[in-house]
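Here is the structure we will look at, set down as structure tokens.
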Amino acid sequence: MAVPDERPDVSGPARVRFAPSPTGSLHVGGARTALFNWLVARQTGGTFVLRLEDTDRERSTPESEAEILRALTWLGLDWDEGPFRQSERDAVYRDAIERLRAAGAVYPAYETEEEVEAQRAAARADRRAPVVRGLRDRSPEEIARLEAEGRRPVWRFAVPLPGETVIDDMIRGRVAFDHAQIEDFVVARSDGTPTYNLAAAVDDLEMGISHVVRGEDHISNTPKQMLVIRALGAEPPVYAHMPLILGPDKKRLSKRHGAASVEDLEMDGFLPQPVRNALALLGWSYDDKTTTFTLDELIERFRISRVSKSPAVFDLTKLGVMNGRFMRSMPPDEFEEALVDYLRKTGYLDERGGGAEELARRSSPLVKRKLTKLSEYDQLAGWLFRPLEMEPDAWDLLQSDVKHSIQAIGGGLGRIETVPTFEPDAVKEVLQDQLHIMGETSAREFLEPQRIALTGQRVSTGLYESLSFVGRDEAVRRYRETLGRLAELWTR
RNA sequence: GCCCCCAUCGUCUAGCGGCCCAGGACUCCGCCCUUUCAAGGCGGCAAUCGCGGGUUCGAAUCCCGCUGGGGGCACCA
């Protein structure tokens with residue numbers, strides 16, 4: 001019997017990093033990358049480094065950076081070092097470029113944009129990889145002449161030919177890249193600033209990163225970065241390229257798929273724990289059964305070697321289920337806090353004025369069991385914050401059988417006016433009793449009109465709790481008001 | 001066009017040569033809980049393991065080809 005090909009795992013304290021570029025909010029894919037790196041750091045007693053790759057001055061913004069840090073914190077992913085910004089490490093890169101120059105690993109390329117494009121076009125036409133190679137061995141005289149003309153070169157990496165670079169990927173196994181397929185990539189722009197492949201490689205080296213866990217979209221950059229690191233006389237870290245996260249259309253998850261960033265999920269009323277859980281389960285599983293993990297369990301059980309190689313579609317419905325279950329399992333006071341935080345954060349409380357927070361707090365037990373996500377609070381409990389106001393749908397329903405509606409609401413009214421105590425159980429008892437008295441009417445037929453009479457909504461917090469919550473006077477008032485409106489229809 | 005990767009129910013997945021004519025979860029559909037909408041409980045539909053060849057006594061599991069999907073090919077990251 002063959003030995004299962006156990007893929008290696010991280011052993012010993014790992015130094016890992018999360019290195020987003022601050023050009024937008026933290027996307028779901030990035031969040032999962034951050035989570036996996038964080039888990040590796042925590043489970044090995046290692047270090048989680050945060051680094052902002054902001055070498056693109058045009059697209060990087062402080063707002064985006066702040067949002068990424070905020071979202072990471074919201075997810076509970078704390079970093080041990082950083083945040084470092086590549087924009088503040090220029091000297092490090094210039095020094096590295098200097099060393100590459102001294103080692104003869106890079107050369108100044110004076111080809112014009114047109115020439116470069118022509119090279120690519122020619123290669124394509126020839127059914128070859130569209131790689132660019134500058135003239136590697138210009139004479140000092142020629143260089144001097146070009147410089148005198150005011151030409152400023154980019155610095156390209158002289159990819160060794162022939163040759164190949166092999167990644168021993170922790171997830172994918174051995175992946176080889178033929179150097180003929182790798183162009184002489186630019187390492188320093190004509191203004192002297194470093195490009196991504198230079199900066200990332202140098203940082204991973206300088207920061208002593210032991211394991212690079214990132215999305216598969218980076219895999220073709222990896223040989224370039226390995227080349228840079230080796231040219232600098234060092235050995236590259238171990239790499240692990242994770243499968244991408246897809247939208248329902250199987251394309252890479254993006255904005256147009258709806259909630260695609262951590263911020264979107266947060267504003268949509270998901271809580272960090274289930275989001276983390278869902279993220280962990282995208283491309284990773286512990287066994288064939290377990291679907292819920294505490295953070296500690298995640299730290300203990302996560303293994304890069306069990307990360308899947310194939311991409312996964314992100315399913316918001318499933319997240320909703322996890323979210324709902326999580327909220328139902330929360331201690332009441334924690335749930336209340338989470339709810340109020342959310343309503344405050346989204347401006348819901350402010351819009352509703354004084355007393356809104358108090359009302360929301362008191363109502364939290366009524367919605368706890370019924371929510372999938374916090375953003376559904378209003379459709380359940382919105383009626384608490386306003387005078388009786390009929391949703392068109394709900395009113396239509398009452399109107400469809402005016403006589404029956406009046407009977408149901410009237411029947412309920414008689415009982416709630418007289419029930420000795422107004423606790424949910426007492427209310428329930430008398431309404432149950434009334435239901436029996438009314439004979440063939442079903443619970444639904446009896447209760448639905450009353451729900452609408454009280455809340456103006458077809459879907460709401462539970463009827464008995466809701467009645468008790470507003471108190472006898474208000475309940476009776478609302479029942480009567482509805483009855484009055486129905487009576488108008490009846491006589492007409 | 002070139003390079004790289006991937007391929008089990010609609011979706012997320014288990015599965016590492018016999019335990020699998022494939023297990024779990026979500027969705028969907030029934031039924032129960034006469035507290036309705038939800039939630040919860042129970043049950044059901046759903047993959048000839050992309051296709052075709054091998055290897056083997058035996059393959060979802062190994063090999064080859066094909067097809068399909070994804071990613072990458074910037075003085076972006």
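Here the structure is a predicted model, which is why all the values come from computation and not from measurement.
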- Query: Starting at CG of A:Leu253 and ending at P of B:C12, how long is that distance when rounded to a whole Å?
  - Reply: 13 Å

- Euclidean distance, atom CG of residue A:Asp126 to atom P of B:C2 [Å, nearest integer]: 11 Å

- Query: If you look only at pairs with a residue in residues 405-416 of chain A, which of them pass as a side chain to side chain donor-acceptor pair (under 3.5 Å), with sequence neighbours excluded?
  - Reply: A:Arg415-A:Asp433

- Item | Contacts of type side-chain hydrogen bond (donor to acceptor under 3.5 Å, both in side chains), residue A:Glu423, not counting sequence neighbours | none

- Task: Please name all residues satisfying side-chain hydrogen bond (donor to acceptor under 3.5 Å, both in side chains) with A:Glu113, sequence neighbours left out, ordered by chain then number.
- Result: none

- Please list, chain by chain and in numerical order, all residues satisfying salt bridge (Lys or Arg N to Asp or Glu O under 4.0 Å) with A:Arg156, sequence neighbours excluded. none

- What pairs with A:Arg59 under salt bridge (Lys or Arg N to Asp or Glu O under 4.0 Å), at least two apart in sequence or on another chain? A:Asp56

- Does a nitrogen or oxygen in the side chain of A:Arg328 sit under 4.0 Å from OP1 or OP2 of B:G40? yes

Between N or O atoms, less than 3.5 Å apart, protein on one side and nucleotides 24-27 of chain B on the other: list the pairs.
residue, atom, partner, partner atom, Å
B:A25, N3, A:Lys318, NZ, 3.1
B:C26, OP1, A:Arg325, NH2, 2.7

- Task: For nucleotides 66-77 of chain B, just jot down a letter per nucleotide in 5' to 3' order: B, S or -, based on protein non-hydrogen atoms under 4.0 Å.
- Result: ----BSSBSBBB

- For atom CZ of A:Arg369, is the number of surrounding heavy atoms from other residues, nucleotides or ligands below 6.0 Å larger than 12? no

- Message: With a 3.5 Å limit on both atom pairs, tell me what B:A7 is paired to, counting Watson-Crick and G-U wobble, or say none.
- Response: B:U67

- Item | Side chain of A:Ser285 - closest among B:G1, B:C12, B:A14 | B:A14

Can you tabulate the close N/O pairs, meaning under 3.5 Å, that link protein atoms to atoms of nucleotides 32-36 of chain B?
residue, atom, partner, partner atom, Å
B:U35, OP1, A:Gln432, OE1, 2.9
B:U35, OP1, A:Gln432, NE2, 3.2
B:U35, OP2, A:Gln432, OE1, 3.1
B:U35, OP2, A:Gln432, NE2, 2.9
B:U35, O4, A:Lys428, NZ, 2.9
B:U36, O2, A:Arg451, NH1, 2.5
B:U36, N3, A:Arg451, NH1, 2.0
B:U36, N3, A:Arg451, NH2, 2.6
B:U36, O4, A:Arg451, NH1, 3.4
B:U36, O4, A:Arg451, NH2, 3.3
B:U36, O4, A:Leu463, N, 2.8

- Query: Contact class for A:Ala176 vs. all strands (heavy atom < 4.0 Å): base, sugar-phosphate, or nothing?
  - Reply: sugar-phosphate

- Query: Hey, does A:Gly215 reach any base, or is it just sugar-phosphate, or nothing, if we go heavy atoms under 4.0 Å?
  - Reply: nothing

Contacts of type side chain to side chain contact (heavy atoms under 4.5 Å, CB included), residue [X], not counting sequence neighbours:
X: A:Thr317; value: A:Asp315
X: A:Glu300; value: none
X: A:Ser466; value: A:Leu366, A:Trp383, A:Leu454, A:Thr461
X: A:Ser400; value: none

- Message: Salt bridge check, A:Glu336 against A:Lys368: does any charged N sit closer than 4.0 Å to a carboxylate O?
- Response: no

- Same-atom distance (C1') from B:U48 to B:G43, integer angstrom: 25 Å

